[in-house]
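Just so we're clear, the structure is a prediction, and the values are computed from it rather than from any experiment. Lettering of chains follows the sequences in order, A, B, ..., and the numbering in each one begins at 1.
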Amino acid sequence: MLSATARLIRLLSLFQAQRSWTGADLAARLEITERTLRRDVDRLRSLGYTVDSTSGVAGGYRLGAGTAMPPLLLEDEEAIAVALGLGNPVGASGDIENASMRALAKLEQLMPPRLRRRLDSVRSSVVPVMHDKSPVRLKAVSFLAEACTDRLELRFGYRDHHDALTERTAQPHRVVQTGRRWYLLAWDVAREDWRTFRLDRIVEPEPTGERFTPRRLPHGDVAAYMEHALKVSPYLHHAQVVVHAPVEALEPYLGWVGGTPQAVGDGSTRIATAANSLDALAVWLGCLPHDFEVESPLELVAHLALVAGRLARAATGKTSHRPPKAVGRLPRI
DNA sequence: CTCTAGCTTCCAATAATAGG
DNA sequence: CCTATTATTGGAAGCTAGAG
């Protein structure tokens with residue numbers, strides 16, 4: 001049986017995992033009787049924690065907002081996520097940043113050595129280029145970052161932008177967060193070249209069992225290399241447009257193309273994007289509910305004029321009606 | 001009123017700790 | 001090591017309160 005003190009900590013962690021509990025459930029979890037539970041609840045209250053209790057059919061216990069933060073019990077993944085977040089306070093400055101640093105120092109002090117090693121490995125292998133959200137699981141980031149640190153060669157499936165799955169063997173170098181995505185920068189063994197792999201397209205990565213000697217990056221700095229690598233994408237047409245809307249307003253549309261948004265004062269956003277056809281770019285731009293200017297390429301400006309003319313004729317019913325020669329495929333965006 | 005769930009009080013058993 | 005003290009735990013009984 002746990003000691004009374006250990007039980008109080010366990011009780012607090014149960015309250016953090018689930019807000020409301022019945023006395024019977026709590027007692028069962030703590031392997032004590034309800035009588036002892038009531039005494040434990042009393043102890044928490046005497047320590048300053050607000051524990052609300054409700055009697056009756058829908059009754060139970062619930063941890064209220066107290067005067068101080070209860071001691072948090074974090075799972076391994078949660079602790080690493082919090083530490084990463086504190087070390088990278090997006091948009092924070094001054095007091096908030098200072099508070100983040102103090103909290104991070106406390107957290108690291110309490111971290112068991114195995115977690116601290118893991119955090120170091122994630123931190124040294126993750127290079128932030130720009131901050132944003134990503135659907136990638138922390139577990140995947142953590143696993144790949146550890147492979148970078150331990151120089152473990154990896155084998156994984158990779159789904160390219162045509163959704164074709166290929167088997168890859170790679171020597172992971174760094175995990176990079178840029179724009180809305182996470183990437184693994186790695187040496188592709190079969191192709192004998194550097195490649196950037198989107199983490200959300202990597203399928204079932206596993207170590208081959210081989211260890212490798214790290215290579216030098218062609219552009220030296222990882223962040224600089226990633227900026228370069230992401231600009232030189234496999235798309236046929238690259239465009240740069242300035243949209244008269246803030247970055248947040250464009251978020252819903254950025255998932256359509258691989259655009260990298262960048263705020264340019266006066267509430268506008270510059271987007272570097274690419275697609276396999278000018279039609280695809282035109283369709284995407286046409287769907288934006290904001291005005292925009294095309295900075296490059298000139299062919300896109302000409303193509304937009306062509307599309308605009310076609311749309312105008314369709315709108316006025318003055319089309320030169322000719323049957324299509326063949327049913328073309330929809331442009332791939 | 002009945003049922004359910006938490007609260008309070010009293011009492012006894014057991015375990016842990018302090019002191020000689 | 002033994003004894004006394006203190007803390008912890010659990011059981012029982014009766015109470016309060018909310019919901020149907």
Side-chain angles (χ1 to χ4, degrees), chain A residues 1-92 94-123 133-143 145-146 149-150 248 251-252:
Chain A
M1 191 195 280
L2 289 168
S3 76
T5 313
R7 236 177 23 232
L8 289 192
I9 294 173
R10 178 106 179 87
L11 185 54
L12 280 172
S13 79
L14 286 173
F15 275 128
Q16 280 155 28
Q18 186 181 311
R19 264 182 79 76
S20 299
W21 290 85
T22 62
D25 283 348
L26 280 177
R29 285 298 195 94
L30 297 169
E31 295 175 345
I32 50 173
T33 61
E34 290 181 48
R35 177 70 192 85
T36 304
L37 171 74
R38 272 184 215 116
R39 266 190 280 252
D40 284 352
V41 168
D42 281 344
R43 276 195 206 103
L44 282 187
R45 284 173 177 150
S46 68
L47 287 170
Y49 294 105
T50 314
V51 182
D52 300 324
S53 50
T54 344
S55 45
V57 177
Y61 294 94
R62 175 182 254 247
L63 187 66
T67 46
M69 281 284 290
L72 286 167
L73 288 185
L74 299 176
E75 302 287 323
D76 286 8
E77 304 296 336
E78 293 169 343
I80 289 179
V82 171
L84 279 178
L86 288 173
N88 244 345
V90 181
D95 288 350
I96 295 178
E97 193 168 353
N98 286 338
S100 298
M101 288 302 127
R102 286 201 305 275
L104 182 59
K106 283 183 193 172
L107 183 62
E108 285 197 46
Q109 217 168 10
L110 294 171
M111 267 191 176
R114 84 192 139 80
L115 266 190
R116 215 172 308 164
R117 272 198 302 277
R118 211 167 141 197
L119 175 63
D120 286 343
S121 125
V122 172
R123 206 149 37 189
K133 291 171 191 162
S134 163
V136 171
R137 286 176 181 280
L138 180 69
K139 216 165 189 169
V141 177
S142 169
F143 171 77
E146 275 181 280
T149 307
D150 299 341
E248 309 85 68
E251 271 304 317

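Distance CZ (Arg38(A)) to C1' (dT8(B)): 9 Å, rounded to an integer number of Å. As a whole-Å value, the separation of Leu26(A) CG from dC7(B) P is 11 Å. In this structure, Asp40(A) places its CG atom 9 Å from P of dG10(C), rounding to the nearest Å. Whole-Å rounding puts the Leu37(A) CG to dG6(B) P distance at 8 Å.
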For nucleotides 13-15 of chain B, tabulate all protein N/O to nucleotide N/O atom pairs closer than 3.5 Å, reporting atom names and distance.
none

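Side chain of Arg35(A), nearest nucleotide from dT9(B), dG6(B), dT9(C): dT9(B).
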